[in-house]
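Quick notes on the structure that follows.
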Amino acid sequence: MATIVTRRTALRGLRCRACGALQPADERYVCADCYGPIEPEYDLASRSAQELRDEIESGPRSLWRYAPLLPVAEPVSHYAVGWTPLHEAPRLGTAIGIGRVLLKDDSRNPSLSFKDRPVAVAVARALELGLDTLACASTGNLAGAVAAAAARNGLRAFVFVPATTDDEKVAGAAAYGATVVRVRGTYDQVNRLCGRLADEERWGFVNFTLRPYYAEGSKTLLFECVEQLGWRLPDHVIVPVGSGALLTRTATAIAQLKGASLVDEKPCRIHAAQPAGCAPVSDAVLDGYRVVRPVRDPATLARSLAIGAPADGDGSVAAICESGGSAASVSDADVLECCELIARTEGLLVEPAGGVVVAAARALARRGVFGADESVVLYLTGNAYKGSFATPRLTDVIDADSDEFRSAYAGVLG
Ligand SMILES: *Cc1c(COP(=O)(O)O)cnc(C)c1O
Ligand SMILES: [Zn+2]
């Protein structure tokens with residue numbers, strides 16, 4: 001007979017990172033005392049590591065298996081978000097000079113990016129609060145994830161994107177039925193507009209008024225990697241950085257697993273990957289872990305990472321420093337080359353953010369950051385099929401003629 005497991009959150013409240021006050025988990029999204037950032041805090045002391053592990057392992061094959069470590073009481077019925085594969089990638093490893101590479105393939109979530117994870121948690125919270133409208137500022141992928149989750153749960157959605165966002169991503173969000181608002185300007189200007197609207201409308205802005213919940217969804221990538229490695233931490237993890245939510249919550253996730261004795265105490269180094277045209281976090285890390293200086297005009301083909309003033313920028317630098325990690329900033333030419341490289345060596349089509357991560361891994365390897373038998377996890381966060389392929393090298397059309405084929409493809413046939 002199957003055991004019946006009560007799945008519940010161990011949320012204790014929201015702790016202010018600035019002044020340390022513990023606040024109740026109501027509608028607030030900043031500290032009531034000092035307007036500082038607030039983050040969920042959990043009470044796991046009442047459960048043994050074994051109990052917690054059993055509860056997780058008997059859970060659904062989605063991110064909701066980590067419900068005890070997430071801040072919502074009732075996980076909503078949802079798509080199967082998360083529980084994506086972690087692949088050994090020896091061919092890519094050889095090509096970029098790393099002994100043991102593991103790819104966390106998060107390009108296969110319902111809307112084809114890891115953004116389905118934070119959105120799943122934010123939407124569960126929006127439903128708890130009885131909100132009927134979701135909204136977000138997005139560089140592309142978040143718009144799709146919010147639009148899809150809104151459709152799935154019968155909510156209205158407004159998604160705000162810079163006018164330069166890839167047409168395919170905008171079209172995807174619109175197809176899910178969201179109102180897509182294209183805004184002239186950078187992501188940071190779009191974000192300011194959303195900040196004003198959040199004061200005026202009682203909407204669930206997933207990365208603003210729901211941010212303490214939204215950000216928690218990003219912990220689940222690391223949780224899954226650890227469980228997939230047999231409850232062991234990898235030695236290194238390379239994280240693409242936009243707003244810095246994924247990177248800072250990777251650190252939170254490691255601390256939480258250690259705190260609950262689900263993993264042994266050992267270092268797990270977190271490294272930031274950013275494109276050179278918008279690398280406020282990587283630059284700060286490489287410049288001696290200094291304060292983040294915003295980038296006014298991001299210029300990179302890795303548009304999902306084009307956030308010049310990251311909300312969790314300084315938090316990312318601190319988390320990297322504390323973990324003993326580093327960072328790389330890579331050129332768009334390297335990004336294109338590495339998108340192609342991972343496709344040819346491992347059969348995965350990733351969006352440019354994935355190319356940024358592979359190129360950053362290669363740069364870190366060249367600097368001698370990884371030991372010969374250390375495990376290096378690469379987060380692949382978005383799928384190339386969603387939008388612009390980084391390498392649209394379509395060949396000319398030929399006639400149905402074998403000689404023409406042979407001459408046109410002589411270079412490939414050898
Ligand atoms: C949003 C995004 C990121 C960065 O996530 P943050 O939490 O904003 O730092 C990385 N990769 C892809 C594909 C994204 O869409
Ligand atoms: Zn405070």
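Along the sequence shown, residues carry numbers from 1. Just so you know, these numbers come straight off a predicted model, no measurement behind them. Ligands are counted one by one from 1 in listed order, and the atoms in each one are counted from 1 as well.
Taking the side-chain hydrogen bond (donor to acceptor under 3.5 Å, both in side chains) definition, one finds that Tyr213 meets it with Arg125, sequence neighbours left out.
Counting heavy atoms closer than 4.0 Å to ligand 1, residue Ser113 contributes nothing at all.
Side chains of Glu351 and Asn141: a donor-acceptor N/O pair is present below 3.5 angstrom, by distance only. No side-chain donor-acceptor contact under 3.5 Å links Ser243 and Asp312.
Nearest protein heavy-atom contact of atom 11 (N) of ligand 1 is Thr381 OG1, 2.6 Å. The nearest protein atom to atom 2 (C) of ligand 1, hydrogens excluded, is given as Lys115 NZ, 2.4 Å; this is a heavy-atom distance. Ranking protein heavy atoms by distance to atom 4 (C) of ligand 1, first place goes to Gly242 N, 3.5 Å. The protein heavy atom nearest to atom 7 (O) of ligand 1 is Leu246 N, 2.9 Å.
The side-chain heavy atoms of Val241 and Leu246, taken from C-beta on, include no pair separated by under 4.5 Å. In this structure the side chain of Arg28 reaches within 4.5 angstrom of the side chain of Ile38, judged on heavy atoms.
For ligand 1 and Ala245, the ligand atoms under 4.0 Å from any heavy atom of the residue are 6 (P), 7 (O), 9 (O). Taking every non-hydrogen atom of Leu305 and a distance limit under 4.0 Å, the qualifying atoms of ligand 1 come out as 3 (C), 4 (C), 10 (C), 11 (N). Within ligand 1, counting atoms from 1 as listed, the ones closer than 4.0 Å to a heavy atom of Glu351 are 13 (C). Of all the atoms in ligand 1, the ones that sit under 4.0 Å from a non-hydrogen atom of Ser243 are 6 (P), 7 (O), 8 (O), 9 (O).
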| message | Quick one, Thr133 with Arg156, criterion side chain to side chain donor-acceptor pair (under 3.5 Å). Give me CA distance, side-chain angles, the key distance, then yes/no. | response | CA-CA 5 Å; Thr133 303; Arg156 203 165 58 134; 3.1 Å; yes
| message | Applying side-chain contact (heavy atoms from CB on, under 4.5 Å) to Val159 and Ser138, what does each step give before you reach the verdict? | response | CA-CA 7 Å; Val159 299; Ser138 171; 5.6 Å; no
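With Leu103 as the fixed residue, the side-chain contact (heavy atoms from CB on, under 4.5 Å) test singles out one of Ile342, Val377, Leu86: Ile342. When the options Val350, Leu112, Asp106 are evaluated for a side-chain contact (heavy atoms from CB on, under 4.5 Å) with Asn383, the one that passes is Leu112.
Checked by distance only, ligand 1 and Gly244 come closer than 3.5 Å through their nitrogen or oxygen atoms.
Between Ala273 and Val357 the shortest heavy-atom distance is CB-CA, 4.0 Å. Scanning all heavy atoms of the two residues, the minimum distance from Glu374 to Val369 falls at OE1-O, 4.3 Å.
Excluding water, every protein N/O/S atom under 2.8 Å from the Zn ion (ligand 2) is given here by residue and atom: Cys16 SG, Cys19 SG, Cys31 SG, Cys34 SG.
Note on ligand 1: Tyr379 sits outside its first shell, no heavy atom being nearer than 4.0 Å.
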